[in-house]
Amino acid sequence: MLFNPITLLPFLLLLTPTSSNPIPVPDGLILEARAGATCGSVTYTATQTNAASQKAYALYQAGTTLGSGAYPHTYNNYEGFTFAVDGPYQEFPILSSGAIYSGESPGADRVVINTSGKQAGTITHTGASGNNFLQCT
Ligand SMILES: *[C@@H]1O[C@H](CO)[C@@H](O)[C@H](O)[C@H]1NC(C)=O
């Protein structure tokens, strides 16, 4: 009876880790599975664009920003791109290192989500003039 599961239960409950994620993903977040993207010579998998978009939406929902560029922030689409979903839009860095953006230099590439948390697309400064963007392919 030493390992009776009933007598062990209180200890198992004590050992059950609680969430250590500082930014919970909101229940309402529904991200559509999308193909990856190629921005200049950098290719992102759908898993990577999803992860960046989820982080962007979690921060947006929390009213929090990261980095000196205050990401995520409004993307006005002055370029007039056609996206998969309607705006208003938010842009957030997606890093070629594969890391999730946490406030460092944002690099050239961004995911775009709408304010309902839907993925709109991926854009890049690579190959664009000045501060303009091009759509990733
Ligand atoms: C975001 O996109 C979804 C899917 O197209 C749409 O239903 C929703 O209304 C959009 N949100 C906003 C704030 O436009």
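Whatever order the structure lists ligands and atoms in, that order sets their numbers, starting from 1. Side chains are part of it too, since the values below use all heavy atoms of this structure and drop only hydrogens, waters and symmetry mates.
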Chemist: Output the list of atoms in ligand 1 that are nearer than 4.0 Å to some heavy atom of Thr115, sorted by atom number.
Modeler: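 What qualifies from ligand 1 is 13 (C).
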Chemist: State whether the shortest distance between N or O atoms of Ser116 and N or O atoms of ligand 1 falls below 3.5 angstrom.
Modeler: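 Between Ser116 and ligand 1 (N or O atoms, distance only) the closest approach is under 3.5 Å.
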Chemist: Looking at every heavy atom in both Glu91 and Phe133, which two are closest together, and how far apart are they?
Modeler: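 Shortest heavy-atom separation between Glu91 and Phe133 comes out as OE1-CZ, 3.7 Å.
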Chemist: Using a strict cut-off of 4.0 Å, indicate which atoms of ligand 1 neighbour a heavy atom of Val85.
Modeler: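 Those atoms are 2 (O), 4 (C), 5 (O).
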Chemist: Does the side chain of Thr122 come under 3.5 Å of the side chain of Thr49 through a donor N or O and an acceptor N or O?
Modeler: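 No, no side-chain donor-acceptor contact under 3.5 Å.
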Chemist: Kindly give the heavy-atom pair with the smallest separation between Pro72 and Phe92, and that separation in Å.
Modeler: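 Taking Pro72 first and Phe92 second, the nearest heavy atoms are N-CD1, 3.7 Å.
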Chemist: For ligand 1, find out whether one of its N or O atoms is nearer than 3.5 Å to an N or O atom of Asn114.
Modeler: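 Yes, there is a polar N/O contact under 3.5 Å.
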Chemist: Between Asn132 and Tyr78, is any side-chain donor less than 3.5 angstrom from a side-chain acceptor?
Modeler: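 No.
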Chemist: Against heavy atoms of Gly87, which atoms of ligand 1 measure under 4.0 Å?
Modeler: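 Those of ligand 1 that fall under 4.0 Å from Gly87 are 12 (C), 14 (O).
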Chemist: Take the angle between the ring planes of Phe83 and Phe81 and call it parallel below 30°, perpendicular above 60°, tilted in between.
Modeler: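 Because their plane-to-plane angle is over 60°, the rings of Phe83 and Phe81 count as perpendicular.
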